[in-house]
Every structure is written in structure tokens, then in C-alpha cells.
*Asks:* 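Would you mind keeping the following structure in view while I ask a few things?
No experiment lies behind these values; they were computed from the predicted model shown. Just so it is clear: chains get the letters A, B, ... in the order the sequence lines come, proteins before strands, and each one is counted from 1.
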Number of protein chains: 2
Amino acid sequence: MNINAYDCGSVKHLSTLFKLLAEPNRLKILCSLGLECRPVSDIIESTELSQTNVSFHLRALREAGLVKPERKGAFIYYCLPDPELLRLLGDFRHWLEEHQKEKTIV
Amino acid sequence: MNINAYDCGSVKHLSTLFKLLAEPNRLKILCSLGLECRPVSDIIESTELSQTNVSFHLRALREAGLVKPERKGAFIYYCLPDPELLRLLGDFRHWLEEHQKEKTIV
DNA sequence: TACGCATATGAATATTAACGCATATGACTG
DNA sequence: CAGTCATATGCGTTAATATTCATATGCGTA
């Protein structure tokens with residue numbers, strides 16, 4: 001990598017994170033959580049995904065520490081342990097909106 | 001999507017963007033560009049990827065408007081039209097570093 | 001302890017994306 | 001205008017990832 005290259009830190013870690021966020025349904029799940037803690041059944045309802053599929057994606061997010069499960073009786077509530085992530089998503093969203101005015105991202 | 005859900009804007013567009021950033025080699029390419037414009041041959045050298053592969057990823061980035069080609073004689077120089085993207089990457093990087101201190105993202 | 005509901009997991013399939021090879025295009029140079 | 005260098009593209013193969021179905025687990029309650 002050349003001398004003027006931008007230091008992106010660990011490309012491997014960054015791409016792992018982006019890969020998690022790149023799946024539309026995972027993104028939906030994160031957004032549906034927002035700042036609240038919700039049981040899986042809620043997530044299933046608001047995302048309109050199959051139970052299996054939600055569970056599958058929650059596992060990925062959980063293993064990466066992007067969501068945190070907390071059992072309450074028969075239910076398991078999920079939340080974002082660090083809401084700062086939502087801010088970052090918002091930043092990207094804004095950038096995308098600005099960016100789209102000029103170039104077109106499909 | 002429920003009333004308290006976080007508004008992520010267009011999940012589709014966001015995920016398209018993240019998918020582009022999720023590929024380690026594409027990320028490498030972006031980082032190797034940094035703020036400078038460089039010919040493809042430079043990128044090939046600094047990323048140590050095959051010519052075909054670099055060209056393949058550049059196409060994806062180009063079509064999304066994340067990089068912009070500019071012909072100079074026999075060479076085609078690529079640059080980031082909006083360096084703000086690097087700042088966003090940096091934000092994620094920092095978040096990741098902070099985040100890792102507590103949870104472990106694999 | 002037996003049953004029902006909430007969630008997780010395993011296995012099989014479907015879909016998508018990366019990569020390399022061969023070849024094409026487009027520009028400069030003699 | 002023929003040859004060479006830089007880059008792009010089409011195609012086939014392989015690898016990764018999402019999705020579903022069927023089933024298991026774990027908690028609460030009768």
C-alpha cells in the first residue's frame with residue numbers, strides 16, 4: 001500500500017462490519033429496533049420476515065456484538081448495546097442522499 | 001415497521017452501499033486511492049490483486065459513483081469524487097475500535 | 001411433569017458474488 | 001497502419017450467503 005494511501009485501519013474488521021450491514025434484512029432489523037429493546041416476535045412482525053430468517057440474522061448480529069439479547073420470561077428482548085451505531089447509519093444515509101444528487105448510486 | 005423504529009431511510013440504497021464497502025478488496029482499493037487520483041496500474045501494484053480483479057471491482061465502484069475515472073493518455077486515473085466518504089470510513093473505524101474494547105466483533 | 005409458546009438450530013437448497021482465463025478495445029509510438 | 005501497452009469485458013467455475021422446512025430447546029403455567 002503506497003505512502004499516500006488512506007489508513008482505513010483493519011480492512012478485515014471493517015469489511016466484516018459492512019458485510020453485516022450490507023444485508024437488507026439485517027439492516028431492517030437494526031432499524032426496527034431503533035433505541036428500544038424488543039422481543040423477537042416484534043421484530044418478526046415489523047420486518048415481515050420468517051421466524052427462522054429473523055433468528056438467523058439475529059445470530060449474526062449478536063455474534064458480532066451489534067445486538068444484545070436479554071431474556072425476560074419466555075421472551076428474548078434484543079437491543080443495540082451502542083446506539084451510536086444508529087448515528088453512523090444516519091451519517092451514511094445523509095451522505096447517500098447528498099451524493100445521489102450528483103452521481104447516481106443504483 | 002413500528003412507530004419507534006429508527007428511520008434508516010432507504011434500506012435498499014443503504015445496503016447497496018454497504019455491500020460495495022463489504023468486499024475487502026474494494027475497501028483496499030478505496031483506501032489505496034485515498035485523496036489522490038491514481039492509474040489502475042498503481043492500484044494493481046499496491047493492492048497486489050490481479051488486473052482482472054481490480055478492473056472488476058473498479059467497475060462496481062464506478063457504477064455506484066464511488067470512484068470516478070479520468071483518462072490521461074493511455075492511462076485511466078481513478079479518484080474518489082467525494083472524499084467525505086473517507087471520513088465516514090474513518091468514523092466507522094473509530095467506532096469499531098471503541099466497540100471492540102467491550103464486545104468482540106469477529 | 002406435561003403442555004404450549006418463543007426462539008434457536010441443522011440440513012438442504014437457492015441465489016449471489018468473486019475470481020481467473022481468454023480476448024477485446026482504445027490510445028500512444030514508430 | 002502495425003505493434004504495444006493500459007484497461008475493460010464475456011464467460012465459466014467456484015465459493016459464500018440467504019432462505020426455508022423440519023425439528024429441537026428452554027421457559028412458564030396448569
*Asks:* Taking protein heavy atoms under 4.0 Å as touching, what does nucleotides 7-13 of chain D look like 5' to 3' if B marks base contact, S marks sugar-phosphate-only contact and - marks none?
*Replies:* BBBS---
*Asks:* Starting at CD1 of I29(A) and ending at C1' of dA18(D), how long is that distance when rounded to a whole Å?
*Replies:*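 Taking CD1 of I29(A) and C1' of dA18(D), I get 12 Å after rounding.
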*Asks:* Test your reading of the model: is there a side-chain donor-acceptor pair from R71(B) to the backbone of G73(B), 3.5 Å cut-off?
*Replies:*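 A pair under 3.5 Å: yes.
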*Asks:* Does the side chain of S50(A) get closer than 4.0 angstrom to OP1 or OP2 of dT20(D) through an N or O atom?
*Replies:*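 Checking dT20(D) against S50(A), a side-chain N or O does come within under 4.0 Å of OP1 or OP2.
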*Asks:* Taking the side chain from H13(B) and the backbone from E97(A), do they hold a donor-acceptor pair closer than 3.5 Å?
*Replies:*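 Judged by distance alone, no pair lies under 3.5 Å.
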*Asks:* L21(A) vs L21(B), test: side chain to side chain contact (heavy atoms under 4.5 Å, CB included). Steps then yes/no.
*Replies:* CA-CA 10 Å; L21(A) 299 175; L21(B) 299 175; over 6 Å; no
*Asks:* Is S46(B) reaching over with its side chain to a backbone N or O of D42(B), donor-acceptor style, under 3.5 angstrom?
*Replies:*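 Yes; judged by distance alone, with no hydrogens or angles, the pair exists.
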*Asks:* Where does the angle between the aromatic ring planes of F18(A) and F18(B) fall among parallel (under 30°), tilted (30 to 60°) and perpendicular (over 60°)?
*Replies:*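 Judged by the thresholds at 30° and 60°, the geometry between F18(A) and F18(B) is parallel.
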*Asks:* Does dT19(D) have OP1 or OP2 under 4.0 Å away from a side-chain N or O of N25(A)?
*Replies:*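 Answer is yes, contact under 4.0 Å.
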*Asks:* Does a side-chain N or O of H57(A) approach OP1 or OP2 of dT19(D) to a distance below 4.0 Å, or not?
*Replies:*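 So the side-chain polar atoms of H57(A) do come within 4.0 Å of the phosphate oxygens OP1 or OP2 of dT19(D), strictly under.
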*Asks:* Taking I43(B)'s backbone N and O only, do any of them form a donor-acceptor pair with R38(B)'s side chain (distance below 3.5 Å, no angle check)?
*Replies:*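 Not confirmed, R38(B) side chain does not pair with I43(B) backbone.
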*Asks:* If Ile, Leu, Val, Met, Phe, Trp and Tyr residues are connected whenever their side-chain heavy atoms lie under 4.5 Å apart, and connections chain through other members, are F75(B) and I29(B) in the same group?
*Replies:*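 Looking at the clustering, I29(B) is in a separate group from F75(B).
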*Asks:* Could you walk me through whether N25(B) and F56(B) pass the side chain to side chain contact (heavy atoms under 4.5 Å, CB included) check?
*Replies:* CA-CA 11 Å; N25(B) 290 332; F56(B) 170 75; over 6 Å; no
*Asks:* Going 5' to 3' on DNA chain C, which nucleotide is the first and which the last to come under 4.0 Å of a heavy atom in chain A?
*Replies:*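 Contact boundaries, 5' end first: dA6(C) to dG10(C).
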*Asks:* Without decimals, in angstroms, what is the distance between K19(A) NZ and dA16(D) C1'?
*Replies:*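 Rounded to whole Å, this separation is 8 Å.
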*Asks:* Verify the contact: side-chain N or O of R26(A) to OP1 or OP2 of dT17(D), cut-off strictly under 4.0 Å; return yes or no.
*Replies:*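 Answer no for this pair, as no side-chain N or O of R26(A) is under 4.0 Å from OP1 or OP2.
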